[in-house]
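Notes follow the structure.
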Amino acid sequence: MKTEILEYIKEIQETHIEKFKDTAAEVEQFRIKFLGKNGVMNQLFEQFKSIPNDQKKEMGQALNQLKTAAQQKIEEFKSYVESKEESSHLHDLTMPTDFSDLGSRHVLSVVMNEISEIFSRIGFTVADGPEIEDDYHVFTALNFALDHPARDMQDTFFIEKEPDVNKPTDVLLRTHTSSVQVRVMEHQKPPIRVIMPGRVFRNEAISARAHCIFHQVEGLYIDKKVSFADLKQTLLYFAKEMFGEQTQIRLRPSYFPFTEPSAEMDISCNICGGKGCNICKGTGWLEILGCGMVDPNVLEQSGIDSKEYSGFAFGMGVERMAMLKYQIRDLRLYFENDLRFLKQFESII
């Protein structure tokens, strides 16, 4: 009897258990046949009871091995069937689509749109211009001297450079969106109230604090009797809308060729509340933009009577705004298209 049972176990092992099952119905049928209440294993264990004691050790080991093999095969077949069904769903065009993993705007686009929206609420419209510009609109019309350092190859990407430095007709990648201000003043009569968001280029080494590509939002307001007080109140409104009602500003004297007087604007550090931290280097203030009253020479160059009209202009870096608002420490992250970084800003859309 012992020999017959062992041969039966071997036959089951080779003929039935090793035979592959590739549907859920076949797997369930296999489970019931071998491990069910009236299955093969229960029948074999019933016969095991009548085996002499001196033969039970060998028989018990054989039965346990058969049961273990059957259980492992059932799990193996189940995994195969589940993976096959999941794979088939990927190619089933009738299955419902999951729209939960949608794309989102880049953090720079989000911040640029937020800046534009804030200024639109006080009457500013949006203007755009070419990224490939000429020397006149980037430098000459903005009161840059012919020997100004910004004209040098160290700062500007030139596409076509004129050898005669006294009559520059260079073609270049714009270094600021101020060139759009010139184009607006050439084709539009005052009053002018406009912002110019866009991408600019400078020949700088790439690091955590600088990049050869970045984005700016510049603003221009020209009308009769525009004063520095108007500029200050406009920028105070912007700072409070962008960084919170508690934000304070201060203006420090500076120099820009196209504005006079000129100033740099700081805001109270929104990280430490002005108390001093490593972000603001212990000063309690963070520089965010440059501004000033439009130089009369710039107005006259564009055909606007500087005796009748005055105006102010300002410009800010979008990357720096995003750094301050979301505490981003490395400019290079904006351009690396790393999904781990970008997905952090999905919720701010």
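- The hydrophobic cluster around Phe214 extends to Val200, counting ILVMFWY residues whose side-chain heavy atoms fall within less than 4.5 Å of a member.
- The closest side-chain heavy-atom distance from Met185 to Val298 is below 4.5 Å.
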Could you walk me through whether Glu336 and Leu333 pass side chain to side chain contact (heavy atoms under 4.5 Å, CB included), step by step? CA-CA 5 Å; Glu336 292 178 349; Leu333 292 171; 3.9 Å; yes

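- Closest approach of Ala127 to Val194, counting heavy atoms only: CB-CG2, 3.4 Å.
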Under the salt bridge (charged side-chain N to carboxylate O under 4.0 Å, His left out) criterion, do Lys161 and Asp170 qualify, and how do the steps go? CA-CA 5 Å; Lys161 188 163 177 62; Asp170 306 328; 3.8 Å; yes

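- Taking the six-membered ring wherever Trp is involved, the centroid distance between the rings of Phe119 and Phe238 falls below 6.0 Å.
- Of the charged side-chain nitrogens involved, at least one lies within less than 4.0 Å of a carboxylate oxygen, so that Glu287 and Arg252 count as a salt-bridged pair.
- Listed by chain and number, the residues in a side-chain contact (heavy atoms from CB on, under 4.5 Å) with Asp147 are Ala145 (sequence neighbours excluded).
- Phe341 and Phe345 have perpendicular rings, their planes meeting at more than 60° on a 0 to 90° scale where under 30° would count as parallel.
- Taking both residues in full, the closest heavy atoms of Ile122 and Thr234 are given as CD1-CG2, 3.9 Å, listed atom of the first, atom of the second, then distance.
- Phe124 and Phe312 have tilted rings, their planes meeting at an angle from 30° to 60° on a 0 to 90° scale.
- Looking only at atom types and distance, the side chain of Ser116 has no donor-acceptor partner in the side chain of Asn113 under 3.5 Å away.
- Enclosure of atom NZ in Lys232 is not indicated, since only 12 or fewer non-hydrogen atoms of other residues, nucleotides or ligands lie within 6.0 angstrom.
- Within 6.0 Å of CD in Gln233 there are 12 or fewer heavy atoms belonging to other residues, nucleotides or ligands.
- Taking each heavy atom of Asp128 and Pro197 in turn, the nearest pair found is OD1-O, 4.4 Å.
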